[in-house]
Amino acid sequence: MNLFAELRVAVVQSLANLAERGLLPSGLDTSGVSVEPPRDPAHGDMMTNAAMVLSKAAGLSPKAIAEALAEELAKDPRIAAVDVAGPGFINMRLTAAVWQDIVKVILTTGLDYGRSTLGNGAKVNIEFVSANPTGPMHVGHVRGAVVGDALARLLAFSGWKVTREYYINDGGAQVDVLARSAFERYREANGLEPEIREGLYPGDYLIPVGEALKAKYGDSLLDKGEQYWMKDVREFATEMMMVEIRGDLAQLGVQMDVFSSEKALYGTGKIEAALQALRDQGLIYEGVLEPPKGKTLDDWEPRQQTLFRSTAHGDDVDRPVMKSDGSWTYFAPDIAYHYDKVQRGFDQLIDIFGADHGGYVKRMKAAVSALSNGRVPLDIKLVQLVKLFKGGEPFKMSKRAGTFVTLRDVVEQAGADVTRFMMLTRKNDVSLDFDFDKVLEQSKDNPVFYVQYAHARVNSVLRKAAEAGMSFSDADLADADLSQLEHEAELKLARQLGEWPRLIEIAAKSNEPHRIAFYLYELASDFHSLWNRGNDDSSLRFIQEGNVATSAAKIAMARSTGVVIATGLGILGVKPVHEMR
RNA sequence: GCACCCAUAGCUCAGCUGGAUAGAGCGUUGCCCUCCGAAGGCAAAGGUCGCACGUUCGAAUCGUGCUGGGUGCACCA
């Protein structure tokens with residue numbers, strides 16, 4: 001149920017009617033016709049560009065088309081007034097009944113209001129977080145985790161079949177470093193002095209790993225060389241880190257569907273198979289790359305390597321998949337991993353990377369394009385930095401990790417709900433300031449609070465009404481005589497509620513969950529505004545003493561706002577509060 | 001040197017994939033509680049949408065070229 005889509009149908013139908021009567025050429029391409037809210041509400045409730053879009057193809061002036069179309073549209077019972085403005089805009093004002101009906105629809109559909117089949121059941125895989133399993137998650141990961149999870153919820157709500165996936169980078173040199181670092185903590189657990197050399201991970205979080213190693217191996221590894229214990233310790237430590245990371249994710253309320261391991265790709269022939277698929281297309285060759293221009297590398301030497309011709313799929317230079325010593329580069333298993341995702345039958349892939357991986361986008365898209373023959377689109381969202389502040393001062397804390405602020409540090413201070421909401425108050429490709437003091441402030445400067453406050457107020461109305469002997473279920477409210485909601489301030493709120501399905505569609509199509517946070521802020525603002533109008537004009541209060549019928553209509557309005565806020569917060573993964581304290 | 005991202009009110013940012021006179025919040029100024037939660041609301045002031053061309057009925061939005069900031073650029077992951 002999307003009012004704008006419905007009205008667009010009416011417009012297209014009217015155009016067809018005109019064509020039938022010979023007033024327009026038949027067979028016009030109406031795909032460019034849109035129905036949107038005008039930027040200036042004084043222009044009406046809805047606007048269509050049909051006349052201007054079709055003017056050229058129809059060989060008629062926009063004005064002429066607009067006037068004929070306006071006349072046709074005026075016949076629609078939902079449309080109260082139509083006028084033609086400017087170069088050929090057609091503005092429509094809808095009847096109050098249309099907006100009142102929105103309230104009823106919300107109360108009958110509840111938290112499903114705005115849910116759609118837009119995705120048509122397409123299978124989408126969203127890979128996000130994918131933090132190296134070498135320590136707890138830090139702030140940098142939080143935003144990616146929240147954006148990925150909210151996007152997953154958004155797409156699921158919009159009719160996609162969503163898989164949330166975490167790619168464990170457990171195949172590279174960094175897990176060897178982890179193993180060595182953990183081994184020092186193991187020595188420490190055995191009463192020896194740990195030697196945390198330069199390049200090892202110094203964080204305290206490895207102390208429990210050392211103790212666990214001691215519990216498992218006693219002192220039996222102490223006198224052994226690295227080649228003896230490396231494999232076991234690496235696996236052991238990685239496993240413990242993943243437990244830690246899963247715990248971190250749980251703190252944030254993020255649940256993955258699939259964890260894929262990089263290491264598990266080695267020795268299975270999967271990497272070779274993926275590269276063979278590329279080779280079959282003539283995209284793999286032996287060659288020597290040019291040194292990068294403008295940047296002087298003292299240790300540059302030409303090397304014969306196995307290269308992927310990513311330039312054939314839009315990349316700037318070809319990329320090595322094998323080092324000169326014959327081992328794989330990081331890119332190779334990543335190709336295999338994405339090949340695996342393609343083979344698992346996903347219709348669409350989304351990767352969420354940190355902004356520092358920007359240089360990786362083109363080659364990854366090139367690989368997926370080649371491996372799926374252009375069938376599977378890969379959208380890569382780069383998530384920018386989060387800058388932490390406390391009371392306006394840059395914030396750098398290192399309680400557990402030694403060198404970085406952890407996810408837990410953030411969640412423990414700010415709470416998961418606040419953290420999640422704040423992370424979505426910017427679009428992903430812009431950096432974001434996160435001030436611990438501000439996000440906990442209870443004022444309208446703080447968007448989380450502001451939205452939650454609106455929801456709490458709705459509940460407050462319901463509570464007060466019940467105290468006054470008027471207890472309504474949503475079904476009661478849906479049956480209320482909503483034609484009493486006539487005031488401009490009430491209709492304004494209803495219009496905003498009517499935009500929710502459209503907003504969801506736009507957000508889902510563009511993979512931009514932050515739009516929901518902004519919408520909720522606006523909705524809350526309209527609600528607070530209406531609330532305060534009740535101070536000046538008592539006829540706008542939600543509870544009308546002694547008048548059950550009117551109260552029911554007004555409370556229906558409030559309640560439907562609460563429902564949409566709850567739905568929106570749900571997509572952001574934030575729990576709506578019922579009471580502010 | 002190349003690629004990607006960013007540039008909108010004094011500050012922090014939206015802007016519905018090309019629509020009309022570009023919007024919020026903060027800050028500034030002035031108002032509104034006997035009254036559902038003032039933890040709110042109303043109003044005013046504030047703009048060459050970084051610059052210049054181009055595309056078309058129409059550009060903050062698309063293209064090209066600049067300027068400024070960020071990120072990344074062979075055997076790291």
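Small disclaimer: the values here were computed from a predicted structure and weren't measured. Naming: A, B, ... by sequence-line order, numbering from 1 per chain. The figures that follow rest on heavy atoms only: side chains count, while hydrogens, waters and symmetry mates do not.
In this structure, CG in A/Leu520 is found 11.5 Å from OG1 in A/Thr561, a value given to the nearest 0.5 Å. Between atom CG of residue A/Leu497 and atom CE of residue A/Met557 there is a gap of 5.0 Å, rounded to the nearest 0.5 Å.
Annotated as anti: B/C16, whose O4'-C1'-N torsion sits more than 90° from 0. Base orientation of B/U17: syn, since the glycosidic angle falls within 90° of 0.
Taking the six-membered ring where the residue is Trp, A/Phe353 and A/His357 present tilted rings, their angle falling between 30° and 60°.
OP1 and OP2 of B/U17 both lie 4.0 Å or more from every side-chain N or O belonging to A/Lys509. Within the structure, a side-chain polar atom (N or O) of A/Trp531 is placed less than 4.0 Å from OP1 or OP2 of B/A38. Between A/Tyr450 and B/G41, a side-chain N or O to OP1/OP2 separation shorter than 4.0 Å is present. Side-chain N/O atoms of A/Arg426 include none lying less than 4.0 angstrom from OP1 or OP2 on B/G15. Between A/Lys323 and the phosphate of B/A77, there is a side-chain N or O to OP1/OP2 separation shorter than 4.0 Å. OP1 or OP2 of B/A74 has not a single side-chain nitrogen or oxygen of A/Thr329 nearer than 4.0 Å. Phosphate proximity of B/G25 to A/His528: absent, as no side-chain N or O sits under 4.0 Å from OP1 or OP2. Not one side-chain nitrogen or oxygen of A/Arg363 sits closer than 4.0 Å to the OP1 or OP2 atom of B/A3.
Of the candidates B/G19, B/U17, B/C36, B/G19 carries the atom nearest the A/Met47 side chain, counting heavy atoms from C-beta on. Relative to the side chain of A/Val430, the nucleotides B/A38, B/A74, B/A14 differ in distance, and B/A14 lies closest. Of the candidate nucleotides B/G40, B/U71, B/A74, B/A74 has the atom nearest to the side chain of A/Gln305. The side chain of A/Phe518 approaches B/C13 more closely than any other nucleotide in the set B/C13, B/U71, B/A77. Picking from B/C6, B/U17, B/C75 the nucleotide with the shortest atom distance to the side chain of A/Ser324 gives B/C75. The listed nucleotides are B/A77, B/A38, B/C75; the one nearest the side chain of A/Tyr453 is B/A38. In this structure, of B/C36, B/C5, B/A77, it is B/A77 that holds the atom nearest to the side chain of A/Asn132. Proximity note for A/Arg502 (side chain, C-beta onward) versus B/C16, B/G40, B/C6: the nearest is B/C16. Relative to the side chain of A/Arg515, the nucleotides B/A74, B/C16, B/C36 differ in distance, and B/C16 lies closest. Taking the side chain of A/Phe542 as heavy atoms from C-beta on, and the options B/C5, B/A38, B/C36, the nearest nucleotide is B/C36.
One P atom belongs to B/C6, the other to B/C62, and the distance between them is 9 Å to the nearest Å. Remark: the separation of the C1' atoms in B/A44 and B/U34 is 29 Å, to the nearest Å. To the nearest whole angstrom, the two C1' atoms, one in B/G69 and one in B/C51, are 16 Å apart. When the C1' atom is compared between B/G65 and B/C73, the two are found 24 Å apart, to the nearest whole Å. Only the P atoms considered, B/A24 is 15 Å distant from B/G15, to the nearest whole Å. Rounded to the nearest Å, the gap between the P atom of B/C5 and that of B/G23 is 28 Å. Taking atom C1' in both B/A59 and B/G70, one finds a spacing of 26 Å when rounded to whole Å. Straight-line distance between the C1' atoms of B/C32 and B/C13: roughly 28 Å, to the nearest whole Å.
Computed from coordinates, the A/Tyr521 OH to B/G40 P distance equals 9 Å when rounded to whole Å. The nearest whole Å value for the distance from the OH atom in A/Tyr330 to the P atom in B/C76 is 14 Å. When the P atom of B/G69 is taken as reference, atom CD of A/Gln384 falls 17 Å away, rounded to whole Å. Distance CG (A/Asp433) to C1' (B/U12): 8 Å, rounded to an integer number of Å. Remark: C1' of B/C42 and CG of A/Leu540 are 14 Å apart, rounded to the nearest angstrom. Following rounding to the nearest Å, A/Lys427 (NZ) and B/C16 (C1') show an atom-to-atom distance of 12 Å. The nearest whole Å value for the distance from the CG atom in A/Asp315 to the P atom in B/C2 is 16 Å. In this structure, the CG atom of A/Asn428 is 12 Å from the P atom of B/C5, given to the nearest Å.
A cation-pi geometry, defined here as NZ or CZ lying under 6.0 Å from the six-membered ring centre and within 45° of its normal, holds between A/Arg502 and A/Phe4.
Across all strands shown, B/G1 forms a Watson-Crick or G-U wobble pair, both distances under 3.5 Å, with B/C73. B/G27: no Watson-Crick or G-U partner with both key distances under 3.5 Å is found in any strand. Using the Watson-Crick or G-U wobble rule with both distances under 3.5 Å, B/U64 pairs with B/A52. In a base pair of the Watson-Crick type (N1 to N3 plus N6-O4 or O6-N4) or a G-U wobble (N1-O2 and O6-N3), with each distance short of 3.5 Å, B/C57 is matched with B/G19.
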Can you check nucleotides 57-61 of chain B for protein contacts, nitrogen or oxygen pairs under 3.5 Å, and list what you find?
from	atom 1	to	atom 2	distance (Å)
B/C57	OP1	A/Lys56	NZ	3.1

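For residues 506-515 of chain A, the salt bridge (Lys or Arg N to Asp or Glu O under 4.0 Å) pairs, not counting sequence neighbours, are A/Glu505-A/Lys509, A/Glu512-A/Arg515.
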Could you pull out every donor-acceptor pair under 3.5 Å between side chains of residues 527-536 of chain A and any protein atom, sequence neighbours left out?
from	atom 1	to	atom 2	distance (Å)
A/His528	ND1	A/Arg457	NH1	3.0
A/His528	NE2	A/Tyr450	O	3.2

Side-chain donor-acceptor pairs of residues 381-389 of chain A under 3.5 Å, sequence neighbours excluded:
from	atom 1	to	atom 2	distance (Å)
A/Lys381	NZ	A/Ser510	O	3.3

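Counting atom types as modelled, A/Asn535 pairs no side-chain N or O with a base atom of B/G41 as donor and acceptor under 3.5 Å. Taking 3.5 Å as the limit, the base of B/C35 and the side chain of A/Arg541 contain a donor-acceptor pair of atoms between them.
For A/Lys362, the side chain to side chain donor-acceptor pair (under 3.5 Å) partners at least two apart in sequence or on another chain are A/Asp316. In this view, A/Phe308 satisfies the ring pair (Phe, Tyr, Trp, His ring centres under 6.0 Å) rule with no residue, not counting sequence neighbours.
With A/Val11 as reference, A/Leu73 is the one residue of A/Leu73, A/Asn49, A/Thr30 to meet the side-chain contact (heavy atoms from CB on, under 4.5 Å) rule. Exactly one of A/Gln544, A/Gln484, A/Glu490, A/His487 qualifies for a side chain to side chain donor-acceptor pair (under 3.5 Å) with A/Lys554. That residue is A/Glu490.
Within the 4.0 angstrom heavy-atom criterion, base atoms lie near A/Ser460.
Toward the 5′ end of RNA chain B lies the nearest nucleotide of A/Glu499, the other residue of the pair A/Glu499 and A/Phe449 mapping further downstream. Nearest-nucleotide positions on RNA chain B for A/Pro320 and A/Arg533 put A/Arg533 closer to the 5' end.
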